[in-house]
Visitor: 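What follows is a single structure, and I will ask about it in a moment.
A, B, ... follow the sequence lines: proteins, then strands. Residue 1 opens every chain.
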There are 2 protein chains.
Amino acid sequence: MEKVNSTKVFIVDDHQLVIDGIQALLKDESDYTIVGTSQKATEVLDRMYDLNVDILITDINMPEMSGIVLTKQIKLRYPGIKILALSMFGDRHVIKEMIEAGINGYILKNTGKVELMEALEKVSKGQCFFSDEVTKVLVRSFKKEEEFSHLTNREIEIIRLIEQELSNKQIANALFISERTVETHRKNIFRKTGTQSVVGLLKYAYEHKLI
Amino acid sequence: MEKVNSTKVFIVDDHQLVIDGIQALLKDESDYTIVGTSQKATEVLDRMYDLNVDILITDINMPEMSGIVLTKQIKLRYPGIKILALSMFGDRHVIKEMIEAGINGYILKNTGKVELMEALEKVSKGQCFFSDEVTKVLVRSFKKEEEFSHLTNREIEIIRLIEQELSNKQIANALFISERTVETHRKNIFRKTGTQSVVGLLKYAYEHKLI
DNA sequence: TTGAGCATACCCAATAGCTGGTATTTTTAC
DNA sequence: GTAAAAATACCAGCTATTGGGTATGCTCAA
């Protein structure tokens, strides 16, 4: 199993089955050796110390510590480790944050073995790899670049107050502005986020981590 | 690979990686033969026809058709097929619905190979298998049985529709009841949950895993 | 210095949602 | 077989939200 020139891979995912799955997929690939796995992002940092890991495959949505935080920590303490993000979703903001955190690749869990191998190969060579869907999001994002959904600070502040169950009047009092102003902000918020109700807005806010 | 007495398994999951993973895990287990896989629940029904499947492993959260609907359909048309549900979450209501739909087992994706094998073994024998976490939910549910929030099924149904951003009128249309009835249900829901706005209600729903 | 973007503010009409009732018919449970 | 619980339905009135606008200072950058 251990091979001198093989790439050392470490897997972090809170779903053991995904870990086992990837492990099974890579078992026969002598180019890759899995040197460790973990269900908790929090314990990964210390385990990196003596393993000489080449590629860290990490889930993004994990309890306790997200893949984003983990990536930042890893890149800070072990800049040599390449990171391949593995996620259920191709959310624009998450992708953006992960890229800013310094990932080398981003694949979705609905991709298969072939793409995983391709991703590992590219990443191990120092190149980048993104799933088609992720690339699509990137391109779209690049084209419109915030154009339609750039919420101002004031708007985000108001979304948070809405989430606190304040009515327009209460928000107006809290911020020392007129109720009319709050109404205008709400209108702009709905327009920018493409939502039409508080419910939709809050789902948007949760998704985009505004709250 | 094909073995006469081996149990025939079919896997449905919208994440190809999970499929590949399970496939890899079962590759060396001669007791199980994977006779097919699919990323779309909608196409599974027809493919069951001549495969003589023993166990269907199905994800629950899938686009287009949920595992719940799929289970019901399968049980209707192929009552002999055993169904092992595979999910990210141990949501009380989903578990309940799946059990009502007739599943034989329910495991979480954060369980490993050992548990998967155990589950397959029990299910293939006609027994049931539930992950520890799922069992815990079942027991808790049995003990308190709605005690603290005793929302009725209808009420929960309505909460879910509210979460889907439907207005009272739309909910009324969707459920073939009068708008007045929906209003009454809403009143009762607010009273029972101790909330006063949709926002509060949804937070309550998320906390109590009603959604 | 001019224009874009932001925060502020107002008006009006229409719609939706909330409050606090009452009441009938099923269903379920004992 | 009866009583409780759930689901259904209606009314009236009130408040809040929404969507259509318009408009004024202010700041910052081209």
Side-chain angles (χ1 to χ4, degrees), chain A residues 143-205 208 210-211, chain B residues 92-93 96-97 99-100 141-205 208 210-211:
Chain A
K143 269 206 302 221
K144 319 191 112 187
E145 189 52 32
E146 313 288 307
E147 170 217 307
F148 80 111
S149 108
H150 197 41
L151 293 166
T152 66
N153 288 333
R154 196 54 153 179
E155 283 159 357
I156 290 171
E157 202 176 354
I158 284 172
I159 291 178
R160 298 214 170 114
L161 292 176
I162 291 174
E163 197 263 351
Q164 294 301 309
E165 289 184 69
L166 300 196
S167 70
N168 285 357
K169 190 176 284 182
Q170 289 174 307
I171 294 173
N173 287 334
L175 300 179
F176 304 107
I177 57 178
S178 140
E179 214 179 318
R180 308 286 148 262
T181 308
V182 179
E183 280 168 11
T184 306
H185 282 307
R186 281 179 78 126
K187 272 186 284 195
N188 292 333
I189 290 168
F190 284 133
R191 184 176 42 75
K192 287 185 182 177
T193 57
T195 55
Q196 27 257 284
S197 69
V198 200
V199 181
L201 173 62
L202 288 187
K203 288 204 281 188
Y204 176 97
H208 295 266
L210 297 177
I211 296 176
Chain B
R92 223 183 95 245
H93 286 80
K96 201 178 155 201
E97 279 196 80
I99 288 174
E100 275 162 11
S141 190
F142 181 76
K143 267 205 307 216
K144 321 192 106 188
E145 191 51 31
E146 316 287 309
E147 169 214 308
F148 77 111
S149 92
H150 59 291
L151 289 165
T152 66
N153 288 334
R154 198 53 154 178
E155 284 160 356
I156 290 169
E157 203 176 354
I158 284 170
I159 292 178
R160 295 211 176 119
L161 292 175
I162 292 174
E163 197 261 352
Q164 295 301 310
E165 288 183 69
L166 300 197
S167 69
N168 285 355
K169 189 175 286 182
Q170 290 174 307
I171 293 173
N173 288 333
L175 299 180
F176 304 106
I177 58 178
S178 136
E179 212 179 320
R180 306 286 149 266
T181 310
V182 179
E183 280 170 11
T184 306
H185 282 306
R186 280 179 79 127
K187 272 187 285 195
N188 293 333
I189 290 167
F190 283 133
R191 185 175 41 73
K192 286 185 183 176
T193 58
T195 54
Q196 26 259 297
S197 69
V198 200
V199 180
L201 172 62
L202 289 187
K203 288 204 281 187
Y204 175 97
H208 295 267
L210 299 177
I211 296 178

Visitor: Considering heavy-atom distances to DNA chain D, does A/T195 or B/R154 have its closest nucleotide positioned more toward the 5' end?
Guide: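 Mapping each residue to its closest nucleotide by heavy atoms, the 5'-most match is B/R154.
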Visitor: Give a yes or no on whether the backbone of B/Q164 and the side-chain of A/K203 come within a donor-acceptor separation of less than 3.5 Å.
Guide: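 No: the side chain of A/K203 does not pair with the backbone of B/Q164.
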Visitor: Look up atom CD in A/E165 and atom CG in B/L202, then write down how far apart they are to the nearest 0.5 Å.
Guide: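 Nearest 0.5 Å value for the CD-CG distance: 9.5 Å.
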Visitor: So for the helix from C/dT1-D/dA30 to C/dC30-D/dG1, with five pairs setting each end axis, what is the inter-axis angle to 10°?
Guide: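 Taking the rotation axis at each end, their angle is 60°.
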Visitor: Can you name the side-chain contact (heavy atoms from CB on, under 4.5 Å) partners of B/L201, sequence neighbours left out?
Guide: B/I159, B/I162, B/I189, B/F190, B/T193, B/T195
Visitor: Looking at the base of C/dC10, is there any donor atom on it, or on the side chain of A/T184, that sits under 3.5 Å from an acceptor on the other one?
Guide: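 In this structure, the two groups form a donor-acceptor pair.
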Visitor: So which protein nitrogen or oxygen atoms get under 3.5 Å of nucleotides 14-17 of chain D's nitrogens or oxygens?
Guide:
unit_1	atom_1	unit_2	atom_2	d
D/dT17	OP2	A/N168	N	3.4

Visitor: For A/S178, which contact category applies under a 4.0 Å heavy-atom criterion: base, sugar-phosphate, or nothing?
Guide: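 Sugar-phosphate only.
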Visitor: Starting at NE2 of A/H185 and ending at C1' of C/dA7, how long is that distance when rounded to a whole Å?
Guide: 5 Å
Visitor: To the side chain of A/I177, which of C/dT8, C/dT19, D/dT8 is closest?
Guide: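 For A/I177, the side-chain atoms sit closest to C/dT8.
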Visitor: May I have the distance from B/I189 (atom CD1) to C/dT19 (atom C1'), rounded to whole angstrom?
Guide: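 For the pair B/I189 CD1 and C/dT19 C1', the rounded distance is 16 Å.
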Visitor: Hey, could you give me the CD/CD distance between B/E179 and B/Q170, rounded to the nearest 0.5 Å?
Guide: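 Taking CD in B/E179 and CD in B/Q170, the distance rounds to 10.0 Å.
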Visitor: Does the distance from a Lys or Arg side-chain N to an Asp or Glu carboxylate O, for A/E183 and A/R180, drop under 4.0 Å?
Guide: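 A salt bridge is present here (some side-chain N lies under 4.0 Å from a carboxylate O).
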Visitor: Quickly work out the B/F176 CZ to D/dA7 C1' distance and round it to whole Å.
Guide: 16 Å
Visitor: Answer yes when A/E157 and A/R154 have at least one side-chain N-carboxylate O distance shorter than 4.0 Å, and no when they do not.
Guide: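 A salt bridge links A/E157 with A/R154.
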Visitor: Please give, in whole Å, the distance from C/dG5 C1' to A/E155 CD?
Guide: 11 Å
Visitor: Expressed as a whole number of angstroms, how long is the span from B/L175:CG to D/dT8:P?
Guide: 8 Å
Visitor: Would you say C/dA9 has OP1 or OP2 under 4.0 Å from some side-chain N or O of A/T181?
Guide: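 Checking C/dA9 against A/T181, a side-chain N or O does come within under 4.0 Å of OP1 or OP2.
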Visitor: With rounding to the nearest 0.5 Å, note down the distance linking CG in B/L161 to CG in B/N173.
Guide: 11.5 Å
Visitor: How close do A/H185 and A/E155 get, counting heavy atoms only, and between which atoms?
Guide: ND1-CG, 4.2 Å
Visitor: May I have the distance from B/L201 (atom CG) to C/dG17 (atom P), rounded to whole angstrom?
Guide: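 That distance rounds to 13 Å.
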Visitor: Rounded to the nearest angstrom, tell me the gap between atom CD in A/E165 and atom C1' in C/dG17.
Guide: 15 Å
Visitor: Using whole Å, what does the distance between atom P of nucleotide D/dG19 and atom CD of A/Q196 come to?
Guide: 7 Å
Visitor: Return yes if the base of C/dG17 and the side-chain atoms of B/K187 contain a donor-acceptor N/O pair under 3.5 Å, otherwise no.
Guide: no
Visitor: How many angstroms lie between atom CZ of A/R186 and atom OG1 of A/T181, to the nearest 0.5 angstrom?
Guide: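 Answer for the CZ-OG1 pair, A/R186 versus A/T181, is 13.5 Å.
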Visitor: By the 4.0 Å heavy-atom rule, please label B/R180 as base, sugar-phosphate, or nothing.
Guide: base
Visitor: How close do B/A172 and B/S178 get, counting heavy atoms only, and between which atoms?
Guide: CB-C, 3.8 Å
